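Residue numbering restarts at 1 for every chain, and letters A, B, ... go by the order of the sequence lines. Remember, predicted model here, so these are calculated numbers, not experimental data. All values below come from the heavy atoms of this structure, side chains included, with hydrogens, waters and symmetry mates left out.
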Amino acid sequence: MEPARPEFVPDPALSRGEMESLQREIAAEATFADDLGFDPAALRSDPEQHRLGEDVGDGSDSAPAQPLVAGVDQAFVDDVAVSAVVVSRGDEVVERVHAAVETEIPYIPGLLSFREGGAILAALGELRRTPDLLVVDGSGRIHFREAGLATHVGVLFDVPAIGVAKSLLCGRPRESLDGKLSVGTTVGIEADDSVETATPGALIGHAVQTRQYDSPKRHVNPLYVSPGHRVGAETVPELVLATTAGYKLPEPTRLADSDADEAKAAVRDDRA
DNA sequence: GCGACAG
DNA sequence: ATCTTGTCGC
């Protein structure tokens, strides 16, 4: 897979101000509305769900083809970033690639793309199939300039993408997230003053409870999900819940996470 | 000046 | 993200 918009390749040599203006351009090119090439319901791996769906219209009773979903995640060994991408169709993994690239800049909140982008670009460049959806670790529209990692990667390759983060970068929950939320609960995240490119109050993402404990003592924190590209904020929660299978993180992310860890160990050995 | 801040 | 043993709870 090659970038559809080479001009948006994240260059870590840019000045901070140049990185920020590139992000504003990317946000302006991003589509924060549904333009997926598939029906979100087709993500459900359970075949029962398909038969309950509406008629495909071709006279057959077959389920719609399941979309190719790619999980993208990174691991680090000193200043080397290892990016892993795992592509699946339903429960079947159809392709896995990874790449290790030296990082050029430190972690700076809001500029993650410029630190991890090189490795991600290298890994996606090895992919021979084009995913229908990219599940990226980190934020998308929930970002100071609405151009988080998921947005940057999605627009760069012009592929639908969503961002899945374990903590909130910016924005404000519309309802309290304190206490114990049950699985399936979603709470809107709206833009606050820190989101400089959005109208305050605009919906930029959601907190989604993908897992919870039964006991009243301990509780699991929600995930913070947002549109990357070609997906509306209202649709992201169902995409995340549909790809989650009993764990807090979506399955695509868990697969990529585990591959990144393996590749990291190999990189560590090569350097030792 | 102070606080907040994905991975 | 990463460094890490034990430990609490299902």
Side-chain angles (χ1 to χ4, degrees), chain A residues 10 12 16 19-20 23 26-27 71-85 98 100-121 123 134-154 161-173 177 180 182-183 189 191-197 204-208 211-229 236 240 246-250 253-254 256-265 267-268 271-272:
Chain A
R16 182 166 182 147
M19 290 180 181
E20 295 178 349
Q23 292 184 323
I26 289 170
V72 184
D73 189 40
Q74 288 67 243
F76 300 80
V77 177
D78 296 329
D79 60 344
V80 175
V82 179
S83 179
V85 179
H98 63 78
V101 173
E102 294 248 346
T103 56
E104 304 293 338
I105 62 173
Y107 164 68
I108 300 171
L111 299 178
L112 196 60
S113 306
F114 299 90
R115 172 173 167 75
E116 311 189 344
I120 296 175
L121 224 162
L134 258 28
V135 178
V136 181
D137 64 303
S139 288
R141 195 179 176 185
I142 294 179
H143 179 272
F144 309 126
R145 290 164 290 281
E146 295 180 281
L149 188 57
T151 303
H152 201 134
V153 175
I162 60 174
V164 176
K166 292 180 285 301
S167 57
L168 194 58
L169 174 62
C170 60
R172 179 177 31 254
L177 295 179
K180 185 177 192 172
S182 53
V183 173
I189 300 296
D192 57 12
D193 296 323
S194 71
V195 183
E196 47 194 65
T197 55
I204 56 176
H206 287 85
V208 179
R211 175 180 187 174
Q212 192 50 279
Y213 291 139
D214 294 318
S215 87
K217 282 201 167 186
R218 271 161 64 97
H219 68 82
V220 178
N221 291 135
L223 244 28
Y224 298 92
V225 309
S226 58
H229 181 45
V236 182
V240 171
Y247 293 90
K248 173 170 179 172
L249 295 174
T253 302
R254 301 186 67 239
D257 190 81
S258 130
D259 270 26
D261 269 330
E262 268 183 43
K264 176 180 70 172
V267 169
R268 183 186 276 139
R271 317 188 104 212

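- Remark: P of C/dA1 and CZ of A/Phe114 are 21 Å apart, rounded to the nearest angstrom.
- Within 4.0 Å of A/Ile142, counting heavy atoms only, lies no atom of the nucleic acid at all.
- Closest approach of A/His229 to A/Gly154, counting heavy atoms only: CD2-O, 3.3 Å.
- The local environment of CZ in A/Arg218 is sparse, with at most 12 non-hydrogen atoms from other residues, nucleotides or ligands closer than 6.0 Å.
- Of all nucleotides listed (C/dT2, B/dA6, C/dC3), B/dA6 comes nearest to the side chain of A/Leu169.
- Within the 4.0 Å cut-off from OP1 or OP2 of B/dG7, at least one side-chain nitrogen or oxygen of A/Ser167 is found.
- Not one side-chain nitrogen or oxygen of A/Tyr224 sits closer than 4.0 Å to the OP1 or OP2 atom of B/dA6.
- The two residues A/Pro12 and A/Phe114 make their nearest non-hydrogen contact at CB-O, 3.5 Å.
- Between the C1' atom of B/dA4 and the CD atom of A/Glu196 lies a distance of 14 Å, rounded to the nearest Å.
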Dump the intermediate steps for side-chain contact (heavy atoms from CB on, under 4.5 Å) on A/Val240 and A/Ile162, then the final yes or no. CA-CA 9 Å; A/Val240 171; A/Ile162 60 174; 3.9 Å; yes
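- Near DNA chain B, meaning a heavy atom under 4.0 Å away, there are no residues from residues 77-85 of chain A.
- Interatomic distance, CG of A/Asp78 versus CZ of A/Arg271, reported as 5.5 Å (0.5 Å rounding).
- Atom C1' of nucleotide C/dA1 and atom CD of A/Glu116 are separated by 8 Å, given to the nearest angstrom.
- Going from atom CG of A/Asp137 over to atom C1' of B/dA6 covers 8 Å, rounded to whole Å.
- Listed pair A/Arg268 / C/dC3 meets the phosphate criterion, a side-chain N or O lying under 4.0 Å from OP1 or OP2.
- Nearest to the side chain of A/Phe144, among B/dC5, B/dA6, C/dT2, sits B/dC5.
- A/Asp192 places its CG atom 10 Å from the C1' atom of B/dA4, with the value rounded to the nearest Å.
- One finds a salt bridge joining A/Asp261 and A/Lys264 here, because a Lys/Arg side-chain nitrogen approaches an Asp/Glu carboxylate oxygen to under 4.0 Å.
- By the neighbour-count criterion of 12 heavy atoms within 6.0 Å, atom NE2 of A/His206 is densely surrounded, having more than that number from other residues, nucleotides or ligands.
- Computed from coordinates, the A/Gln74 CD to C/dA1 P distance equals 10 Å when rounded to whole Å.
- Between the A/Thr103 side chain and the A/Arg115 main chain, no donor and acceptor come within less than 3.5 Å of each other.
- Among the protein residues, A/Arg141 comes within range of no part of the nucleic acid, since none of its heavy atoms lies under 4.0 Å from any strand.
- The residue A/Gly110 sits close to a base: some heavy atom pair falls under 4.0 Å.
- Counting non-hydrogen atoms under 4.0 angstrom, A/Leu111 reaches a base of the nucleic acid.
- Atom-to-atom, CG of A/Asp73 to P of C/dA1 comes out at 7 Å; the value is rounded to the nearest Å.
- In this structure, CD1 on A/Ile120 lies 7.0 Å from OG on A/Ser113, to the nearest 0.5 angstrom.
- The two residues A/Val195 and A/Cys170 have their closest heavy-atom pair at CG2-SG, 3.9 Å.
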Scan nucleotides 4-10 of chain C nucleotide by nucleotide, 5' to 3', and note B when protein non-hydrogen atoms come under 4.0 Å of the base, S if they reach only the sugar-phosphate, - if neither. -----SS
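- Spacing between atom NZ of A/Lys264 and atom C1' of C/dT2 amounts to 7 Å, rounded to whole angstrom units.
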